[in-house]
Structure formats: C-alpha cells, structure tokens
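All residue numbers refer to positions in the sequence shown, counting from 1. The figures that follow rest on heavy atoms only: side chains count, while hydrogens, waters and symmetry mates do not.
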Amino acid sequence: MLQDTLTIRYYQKLSDAVVDLWNRGYRFDELRLYVDGYIAALKHTNSLEPYLIHRLEEEITRYLYDPSNFEKPETERDYY
C-alpha cells in the first residue's frame, strides 16, 4: 500500500493514463512500455526516493494485471 502523498499522486496519474490509453485502443504490450518509460523518467529525474519508485512500480504492475480495471462499466437503463 502506498502511503507517501507524492507517490500516490504519481500512481493516480499513471493509472488514469493507462486506462485512457486502453480505451483509445492501445493494448497490454504498449501499456507496459508506457509504464516502463514513466518509471524510467521518475528514476532519471530523482523526483522520488528509489524505494518509493520500486513500490510504485509494484503497485502499477499489480494494477495492470487486474483485468477488472479495464472493463467498461455497464450503463444503467431506465425502464418506464
């Protein structure tokens, strides 16, 4: 579980971006490349401590492998 506020913010941005890319037609391999690039950029800029980057990478990988994160919600129908 992420506890650092900046790490949580990066996680939220990254997970939102991944879902947006999925909805635009990108597939798992491309999403993984995007995540890898994002993590590499965080490492390069030293914006987070290395152990926080590692935790972020673990959490976003878990997010990627959970298929429920990429299901489209069913729309509710109003019956009159």
Side-chain angles (χ1 to χ4, degrees):
M1 173 183 278
L2 300 175
Q3 296 178 349
D4 178 64
T5 56
L6 187 56
T7 307
I8 292 169
R9 198 169 301 140
Y10 283 128
Y11 175 81
Q12 288 172 332
K13 288 179 182 181
L14 186 52
S15 62
D16 289 345
V18 166
V19 170
D20 182 51
L21 290 171
W22 178 264
N23 290 333
R24 290 182 3 202
Y26 291 88
R27 292 299 161 232
F28 183 78
D29 292 340
E30 296 163 319
L31 299 180
R32 187 68 214 179
L33 286 173
Y34 181 84
V35 168
D36 289 346
Y38 195 96
I39 297 296
L42 286 176
K43 289 177 181 177
H44 182 72
T45 60
N46 293 324
S47 57
L48 287 176
E49 294 291 327
Y51 74 95
L52 292 174
I53 294 173
H54 180 70
R55 292 286 303 145
L56 174 63
E57 187 173 15
E58 286 177 345
E59 292 295 324
I60 202 64
T61 300
R62 186 175 297 121
Y63 184 87
L64 278 174
Y65 284 105
D66 185 358
S68 67
N69 293 319
F70 301 100
E71 294 176 357
K72 291 191 177 191
E74 293 184 26
T75 57
E76 294 183 22
R77 295 177 129 177
D78 293 327
Y79 295 101
Y80 294 88

Residues two or more places apart in sequence or in another chain: which of them pass side-chain contact (heavy atoms from CB on, under 4.5 Å) with E58?
-> H54, R55
Is there a path from L33 to I39 through hydrophobic residues (I, L, V, M, F, W, Y) whose side chains come within less than 4.5 Å of each other?
-> no
Name all residues meeting the ring-ring contact (aromatic ring centres under 6.0 Å, His included) criterion together with F28; count only those two or more places apart in sequence or in a different chain, and write none if there are none.
-> Y65
Gap separating the [atom1] atom of [X] from the [atom2] atom of [Y], nearest 0.5 angstrom:
X: R32; Y: T61; atom1: CZ; atom2: OG1; value: 4.0 Å
X: W22; Y: N69; atom1: CH2; atom2: CG; value: 11.0 Å
X: Y51; Y: T7; atom1: OH; atom2: OG1; value: 7.5 Å
X: Y26; Y: Y34; atom1: OH; atom2: OH; value: 10.5 Å
X: Y11; Y: L52; atom1: OH; atom2: CG; value: 15.0 Å
X: E59; Y: L2; atom1: CD; atom2: CG; value: 4.5 Å

Looking at L42 and S47, what are the two nearest heavy atoms and their distance?
-> CD2-OG, 3.3 Å
Is any side-chain heavy atom of Y63 closer than 4.5 Å to a side-chain heavy atom of V19?
-> yes
For F70, look at atom CZ and say whether over 12 heavy atoms of other residues, nucleotides or ligands are found less than 6.0 Å away.
-> yes
May I ask you to say whether R62 pairs ionically with D66, meaning some side-chain N is under 4.0 Å from a carboxylate O?
-> no
